[in-house]
Amino acid sequence: MPELIEVESYRQAADRVVGRTVRAVVAPDAWFLKGGATPSVVTAAVERRTVVGTGRRGKLMWLDLDDGVQLGLRFGMTGRIVVDGFGPIDALEYGPSRQDPAWDRFGLEFVRGGRLVLSDPRRLGGVELDPDLSRLGPEASTVTRKELTVALGSSSAPLKAALLDQSRLAGVGNLIADETLWRAGMDPARPAGGLDADDVAALARTLRSTVRLLTRRGGSHTGDLQEQRHRSGTCPRCGEPLERRTVGGRTTYSCPAEQG
DNA sequence: ATTGTGGCCTGCCCGC
DNA sequence: TGCGGGCAGGCCACAA
């Protein structure tokens, strides 16, 4: 699913449309528009505007328009971006591998040709004008020890739940969370606020290095733990059967021997 | 305020 | 072969 790694590749793909002027907004699915927006409102705000830049924080990306409006794009679990017919990612983990125009939930057509399309079979993503960036925590791929200390605070919530909370830390989804905690040797269910300073520093380092590694390998689904994410999976390091449970409301795999 | 839960959405896979 | 239930998880509303 699109975690920050995939969304960053979407943002880079969207860089192709910087400098282009929007000829038409295609919004066939009003439900996909969030924050009270309607097709006519989005059309009025975006048509005839020129894209002057792109940005991303966590799993949210946006297009900067020349009137200062930001067009926010969210991808949920199965959302993909296609620019001029090409998508940086062909098939998402847990998503269908085929294409279907019926899944095009939103699009921009440009004056001199070309288009940007958001395809999302399960409709868990969305489009929003001027998304509230202040609701997002610091970017996970570059998180510092100090930022993570603040993010975890003295919370009694499970450590994994804190990592998944986009207002604490932006960009981590279920797969990066499990892979990172496995690499750090930390129990996903331990209280987030229970880490000492050394633990927090180690976790911040592991977060950054895990995102870097998975980016190099090609996505959030390329972790070592991922191939054992099934009911009879074993720890890739020690061979112990993995534990499968729900933590933070999400299916969680961990090694009971190494992540105590 | 913080934490936990359920529901949204729908394609796909498994077992009957 | 067709069918139905369960599953996947990002995000949000809501409850305690």
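Keep in mind that this is a model prediction, so the values were computed, not measured. These numbers come from the heavy atoms of this one structure, side chains and all, not from hydrogens, waters or symmetry mates. Residue numbers start from 1 in every chain, and the chains themselves are labelled A, B, ... in the order their sequence lines are given, proteins ahead of strands.
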Whichever of A:Pro121 and A:Ala157 has the more 5' nearest nucleotide on DNA chain B, that residue is A:Ala157
Any salt bridge linking A:Asp120 with A:Arg80? Criterion: basic side-chain nitrogen under 4.0 Å from a carboxylate oxygen. no
For A:Tyr253 and C:dC7, what is the distance between atoms OH and C1' respectively, to the nearest whole Å? 11 Å
Of all the nucleotides listed (C:dC7, B:dC9, B:dT3), which has the minimum atom distance to the side chain of A:Arg231? C:dC7
Taking CG from A:Leu152 and C1' from B:dT2, how many angstroms apart are they, rounded to a whole number? 15 Å
Can you confirm whether the side chains of A:Arg245 and A:Ser254 place a donor and an acceptor under 3.5 Å from each other? yes
A:Arg190/A:Asp199 ion pair, N-O < 4.0 Å: yes
Ionic contact status for A:Arg20 with A:Asp84, cut-off 4.0 Å: yes
Any A:Arg123 side-chain nitrogen or oxygen under 4.0 Å from OP1 or OP2 of B:dT10: yes
Decide yes or no on side-chain contact (heavy atoms from CB on, under 4.5 Å) for A:Val25 and A:Phe106, but give the supporting numbers first. CA-CA 8 Å; A:Val25 170; A:Phe106 184 82; 3.8 Å; yes
Main-chain N/O of A:Leu108 paired with A:Arg23 side-chain donor or acceptor, under 3.5 Å: no
Quick one: A:Met77 CE to B:dT10 P, roughly how many Å, whole number? 14 Å
Phosphate-side-chain proximity, A:Ser155 and B:dT3, N/O vs OP1/OP2 below 4.0 Å: yes
Could you check which of B:dG11, B:dC8, C:dG10 has an atom nearest any side-chain atom of A:Trp31? B:dC8
Using atom CG of A:Asp29 as one end and atom P of B:dC9 as the other, report the distance to the nearest whole Å. 10 Å
Categorize A:Gly249 for me: base, sugar-phosphate, or nothing, with a 4.0 angstrom heavy-atom threshold over every strand shown. nothing
Give the rounded distance in Å between these two atoms: CZ of A:Arg80 and C1' of B:dC9. 17 Å
Divergence of helical axes at both termini of the helix from B:dT2-C:dA16 to B:dC16-C:dG2 - five pairs an end, 10° steps: 40°
Using atom names, set out every protein N or O paired with an N or O of nucleotides 11-13 of chain C below 3.5 Å, distance rounded to 0.1 Å.
{"residue": "C:dC11", "atom": "N4", "partner": "A:Arg250", "partner atom": "NH2", "Å": "2.4"}

Checking all strands, does A:Pro158 fall into the base, sugar-phosphate, or nothing category for heavy-atom contacts under 4.0 angstrom? sugar-phosphate
Check ion pair A:Arg115-A:Glu109 (N to O, under 4.0 angstrom): yes
Nearest to the side chain of A:Trp103, which nucleotide is it out of B:dG11, B:dT3, C:dC7? B:dG11
N/O (side chain, A:Ser156) to phosphate O (OP1/OP2, B:dT2) under 4.0 Å: no
Options B:dG11, B:dC8, B:dT3, nucleotide nearest the side-chain atoms of A:Arg168: B:dT3
Please check if the side chain of A:Glu6 supplies one atom and the backbone of A:Glu3 the other of a donor-acceptor pair under 3.5 Å. yes
Round to the nearest Å and state the distance from A:Leu4 atom CG to C:dG10 atom P. 11 Å
Salt bridge check, A:Asp178 against A:Arg250: does any charged N sit closer than 4.0 Å to a carboxylate O? no
Residues A:Asp224 and A:Arg229 bridged, charged N to O under 4.0 Å: no
Residue pair A:Arg122/A:Ser154 against DNA chain B: nearer the 5' end by closest nucleotide is A:Ser154
Quickly work out the A:Leu169 CG to C:dG10 P distance and round it to whole Å. 13 Å
Could you state the NZ-P distance from A:Lys160 to B:dT3, rounded to the nearest angstrom? 17 Å
Below 4.0 angstrom from OP1 or OP2 of C:dA8, is there any side-chain N or O of A:Thr251? yes
